[in-house]
Each structure stands twice: as structure tokens, then as C-alpha cells.
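All remarks here apply to the structure that follows.
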Amino acid sequence: MDDPRFGPAVKVTAERLSKDAYLYVRQSTLKQVLSNTESTMRQYALKGRAVALGWPLDRIIVIDTDQGQSGASAVDREGFQRLVAEVSMGRAGIVLGLEVSRLARNNSDWHRLLEICGLTGTLIMDEDGLYDPCDFNDRLVRHEVLCDRVEVKDHHRRAVAAAR
């Protein structure tokens, strides 16, 4: 959609730019960290997207302490907990991640972050786009992503059951 009424210029406000940008970098296993370096580079490259939206480099905070940890739960992920805390305190103008699913594989953790972003007016950006959790249409897009993830898991479960 190239309509300027819905583009980044409308979503990225001076108020949001006055806050920090948080880039969350994570891969699930140490093997992935060591062997899938392209994903790591793509995640760090999202800093450039934040700069293009107006955030200065010194206001982009990279949280990469959860490298090699599964996203199944936020319990042992210090970086994710820090991200949620920073957003909760209203310090974030935007949260960036390669895929929204990188932020939290657990739907309750993801919904909590999404709700907090909505309450604090924090944008979310991944490789596919820029989302405002306060915007009804953007919430629908995120809901579709979650439904797709559930559908994929369901197909996988059925395939495994059929192979038995």
C-alpha cells in the first residue's frame, strides 16, 4: 500500500522518534548462531531500517543477550524481559525484529508484548513491515501472522501423526 495516509510518515511521529529504538536479535540454538550467520547479519541490518525511519544510530539499542536461547518462554530470556520492561516504562518508540516470531514463540509472551506496545504507543517493525498495535488494521495483520503460525504447527502435527 503506497497510500501516504497509511505509510511510515504517519506512524513515525516526533513523539516516537524522541524515544529509543530497540532491536531484538535472537536465534534459538548455539548451532544456529554459529552456522546461520546470514540470519544474524539480517537481524543486525535492521538498524538501517530504524535509521531510515529517522532514529539516530546512538538511539538504537541492540538487545542480543538471548542468542542461542529458545523463544518458547520468556522465563530464562533476560534480553526479552529487558525489552518488555523498557517498552512498559515508555522508553521505546519502536521495537524491531527480523520476524515478529523472533520476539516470542510463546503466544502469551507475544500477546503481552503486543498489548504493552499498544498501551505505550510503541511501533513494531520486522522485515515485512511497520506496524502500529494501536491501529486496528495493523492488529489484524499481526493476528493473521499468529493464525498462520498456529496453522503451520497444526499441519506439522497432523503430518507427524500420519507418518506413525
Side-chain angles (χ1 to χ4, degrees), residues 7-8 11-12 16-118 120 122-133 138-139 141-153 155-157 159-160:
K11 295 176 184 178
V12 180
R16 287 179 170 134
L17 286 170
S18 72
K19 300 177 182 183
D20 292 330
Y22 286 84
L23 171 59
Y24 184 70
V25 176
R26 184 188 66 77
Q27 290 189 19
S28 298
T29 66
L30 287 176
K31 182 180 178 182
Q32 287 177 340
V33 173
L34 296 173
S35 64
N36 194 357
T37 56
E38 178 187 342
S39 175
T40 303
M41 289 187 302
R42 286 175 45 219
Q43 290 182 63
Y44 284 110
L46 287 172
K47 284 176 84 171
R49 302 273 300 268
V51 169
L53 290 173
W55 272 273
L57 276 174
D58 64 337
R59 300 287 306 280
I60 301 170
I61 297 167
V62 177
I63 299 176
D64 56 5
T65 54
D66 292 341
Q67 286 282 50
Q69 292 186 304
S70 171
S73 171
V75 174
D76 295 321
R77 291 190 298 143
E78 182 182 307
F80 184 77
Q81 291 175 14
R82 176 183 172 206
L83 176 65
V84 170
E86 296 294 326
V87 172
S88 297
M89 291 186 278
R91 295 180 179 156
I94 189 170
V95 171
L96 299 103
L98 185 62
E99 301 167 3
V100 171
S101 65
R102 287 253 175 269
L103 298 173
R105 296 272 185 203
N106 178 309
N107 281 343
S108 64
D109 293 337
W110 163 242
H111 282 288
R112 182 175 45 144
L113 177 61
L114 181 63
E115 183 177 352
I116 294 168
C117 285
T120 59
T122 304
L123 298 174
I124 298 171
M125 181 174 219
D126 63 14
E127 273 193 324
D128 294 329
L130 176 65
Y131 310 101
D132 181 350
D138 282 356
R139 279 185 169 271
V141 170
R142 295 295 92 206
H143 177 72
E144 289 174 15
V145 168
L146 291 172
C147 288
D148 287 346
R149 190 178 333 150
V150 169
E151 187 176 328
V152 167
K153 285 183 178 180
H155 284 293
H156 177 72
R157 181 189 53 78
V160 169

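Side chains are part of it too, since the values below use all heavy atoms of this structure and drop only hydrogens, waters and symmetry mates. Since this is a predicted model, take the numbers as computed values, not measurements.
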Can you name the closest pair of heavy atoms from Thr120 and Ser88 and give their distance?
->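 Closest approach of Thr120 to Ser88, heavy atoms only: CG2-O, 4.1 Å.
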
Between Tyr131 and Pro133, which heavy-atom pair has the shortest distance, and what is it?
->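 For Tyr131 and Pro133, the tightest heavy-atom pair comes out as O-CD, 3.6 Å.
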
Euclidean distance, [Y] [atom2] relative to [X] [atom1], rounded to 0.5 Å:
{"X": "Arg82", "Y": "Thr65", "atom1": "CZ", "atom2": "OG1", "result": "7.5 Å"}
{"X": "Leu96", "Y": "Leu46", "atom1": "CG", "atom2": "CG", "result": "6.0 Å"}
{"X": "Ile116", "Y": "Glu86", "atom1": "CD1", "atom2": "CD", "result": "12.0 Å"}

Test log, rule side chain to side chain contact (heavy atoms under 4.5 Å, CB included), inputs Ile94 and Leu130 = CA-CA 9 Å; Ile94 189 170; Leu130 176 65; 3.7 Å; yes

Side chain to side chain contact (heavy atoms under 4.5 Å, CB included) between Phe80 and Ile63, intermediate numbers included | CA-CA 8 Å; Phe80 184 77; Ile63 299 176; over 6 Å; no

Quick check: does any side chain N or O of [X] sit under 3.5 Å from a backbone N or O of [Y], one acting as donor and the other as acceptor?
{"X": "Trp55", "Y": "Lys19", "result": "yes"}
{"X": "Arg59", "Y": "Ser18", "result": "yes"}
{"X": "Thr122", "Y": "Ala92", "result": "yes"}
{"X": "Asp66", "Y": "Arg26", "result": "no"}

Residues in salt bridge (charged side-chain N to carboxylate O under 4.0 Å, His left out) contact with Arg42, at least two apart in sequence or another chain =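 Partners of Arg42 by the salt bridge (charged side-chain N to carboxylate O under 4.0 Å, His left out) criterion, ordered by chain and then number, come out as Glu127.
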
Looking at side-chain heavy atoms only, is the closest gap between Tyr22 and Arg91 below 4.5 Å?
->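 SC-SC contact between Tyr22 and Arg91 confirmed.
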
Mind checking whether Leu123 and Val95 have side chains closer than 4.5 Å, heavy atoms only?
->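 Leu123 vs Val95: side chains apart.
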
Quick one: do Asp132 and Arg16 satisfy side chain to side chain contact (heavy atoms under 4.5 Å, CB included)? Show the steps, please.
-> CA-CA 11 Å; Asp132 181 350; Arg16 287 179 170 134; 3.2 Å; yes

With sequence neighbours left out, what residues match Val62 under side-chain contact (heavy atoms from CB on, under 4.5 Å)?
->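 With neighbours one apart ignored, the set is Leu23, Val25, Tyr44, Lys47, Asp64.
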
Would Val51 and Ile60 satisfy side chain to side chain contact (heavy atoms under 4.5 Å, CB included), going step by step from the backbone distance to the final call?
-> CA-CA 8 Å; Val51 169; Ile60 301 170; 3.7 Å; yes

Would you call Asp126 and Arg49 a salt bridge, taking side-chain N to carboxylate O under 4.0 Å as the test?
->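 No salt bridge links Asp126 with Arg49.
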
